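As structure tokens, the structure follows; a few thoughts come after it.
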Amino acid sequence: MQTQESMENYLETIYVLNQKTGFVRSVDVALEMGFSKPSISNAMKKLKAEGYVQIEDKGRIVLTEKGKALAEGTYEKHCVISHLLMDIGVSKETALADACRMEHILSEETFDCMKAHHRKWHELNPDMKE
């Protein structure tokens, strides 16, 4: 199986694309991630074998409960981290890139504290955008 980070990136991409369009195929993931369709197809086979996705008729990729849970957690980390970084003055482009790397290495304890801090900060600064 690919690395945990790679797997999380694939699942997060499927999750985000599904939120946008409601229908995700390997070609959509390939376009979004900038990888070749054969690379994505190979990754989807592995994710299917691991129980993270199902491939339905017409090539539709659907997250299983296991895959959805991991994807949602990764996406939540990405959103909180990127917003927290932008709150402290990091440019959007850098914050998004850094969050994409950081979301895979943070412990749950650190992330929970960051999330609580971010929530509290916005409660005290309601005029700030999330």
Side-chain angles (χ1 to χ4, degrees):
M1 183 70 202
Q2 59 260 32
T3 66
Q4 181 74 16
E5 180 177 342
S6 175
M7 179 180 63
E8 289 173 353
N9 281 335
Y10 284 119
L11 295 173
E12 181 183 15
T13 298
I14 294 165
Y15 176 78
V16 170
L17 286 172
N18 191 56
Q19 296 298 309
K20 289 180 185 176
T21 66
F23 191 92
V24 181
R25 297 164 300 153
S26 291
V27 67
D28 304 316
V29 178
L31 288 170
E32 184 70 21
M33 296 184 82
F35 297 152
S36 70
K37 189 171 180 317
S39 294
I40 298 299
S41 294
N42 188 41
M44 292 307 111
K45 287 177 190 171
K46 291 176 182 176
L47 290 171
K48 181 179 178 185
E50 294 284 329
Y52 290 102
V53 300
Q54 294 177 342
I55 310 298
E56 295 184 343
D57 292 339
K58 299 183 183 182
R60 181 180 183 192
I61 302 168
V62 178
L63 295 170
T64 62
E65 287 302 315
K66 178 181 173 182
K68 186 176 180 183
L70 187 55
E72 286 176 338
T74 303
Y75 185 63
E76 179 187 29
K77 285 181 182 177
H78 181 86
C79 291
V80 170
I81 294 165
S82 60
H83 287 123
L84 186 61
L85 293 172
M86 287 184 277
D87 287 346
I88 63 171
V90 177
S91 70
K92 182 176 182 177
E93 182 178 304
T94 300
L96 292 172
D98 287 350
C100 197
R101 289 187 300 273
M102 294 169 67
E103 67 197 26
H104 306 289
I105 61 170
L106 286 179
S107 68
E108 286 305 311
E109 177 185 358
T110 298
F111 177 65
D112 288 344
C113 290
M114 289 174 79
K115 187 167 49 171
H117 175 79
H118 182 253
R119 189 177 305 119
K120 184 70 171 172
W121 193 87
H122 277 277
E123 287 172 8
L124 295 172
N125 298 281
D127 295 334
M128 296 296 294
K129 291 181 181 177
E130 283 232 29

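Given the structure is predicted, the values throughout are model-derived calculations rather than measurements. Sequence positions, counted from 1, serve as the residue numbers for this chain. Side chains included, hydrogens not; waters and symmetry mates left out as well; all remaining heavy atoms used.
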Gap between atom [atom2] of [Y] and atom [atom1] of [X] - 0.5 Å precision:
| X | Y | atom1 | atom2 | result |
| --- | --- | --- | --- | --- |
| S107 | D112 | OG | CG | 8.0 Å |
| M44 | I40 | CE | CD1 | 5.5 Å |
| E103 | Y75 | CD | OH | 10.5 Å |

| Residue from Q4, E12, E65 passing side-chain contact (heavy atoms from CB on, under 4.5 Å) with L70 | Q4
| task | Say whether S6 and T3, considering side chains only, have a donor N or O and an acceptor N or O under 3.5 Å apart. | result | no
| message | Using side chain to side chain contact (heavy atoms under 4.5 Å, CB included), reason through V16 and K20 one step at a time and then give a plain yes or no. | response | CA-CA 6 Å; V16 170; K20 289 180 185 176; 3.8 Å; yes
| task | Output, in order, the C-alpha distance, side-chain angles, deciding distance and verdict of salt bridge (Lys or Arg N to Asp or Glu O under 4.0 Å) for E56 and R25. | result | CA-CA 10 Å; E56 295 184 343; R25 297 164 300 153; over 6 Å; no
Can you find a heavy atom in the side chain of [X] that is under 4.5 Å from one in the side chain of [Y]?
| X | Y | value |
| --- | --- | --- |
| L63 | N18 | no |
| K46 | Y52 | no |
| D28 | T21 | no |
| L84 | H117 | yes |

| Using 30° and 60° as the class limits, which term best fits the ring planes of H83 and H118: parallel, tilted or perpendicular? | parallel
| message | Test your reading of the model: is there a side-chain donor-acceptor pair from T110 to the backbone of L106, 3.5 Å cut-off? | response | no
| Residues K115, E76: salt bridge by 4.0 Å N-O rule | yes
| field | Q19 atom CD, over 12 foreign heavy atoms within 6.0 Å | value | yes
| field | Over all atoms of both residues, closest heavy-atom pair of G51 and T64 | value | O-OG1, 2.6 Å
| message | I need the single residue from E72, E108, E8 that forms a salt bridge (Lys or Arg N to Asp or Glu O under 4.0 Å) with K77. Which is it? | response | E108
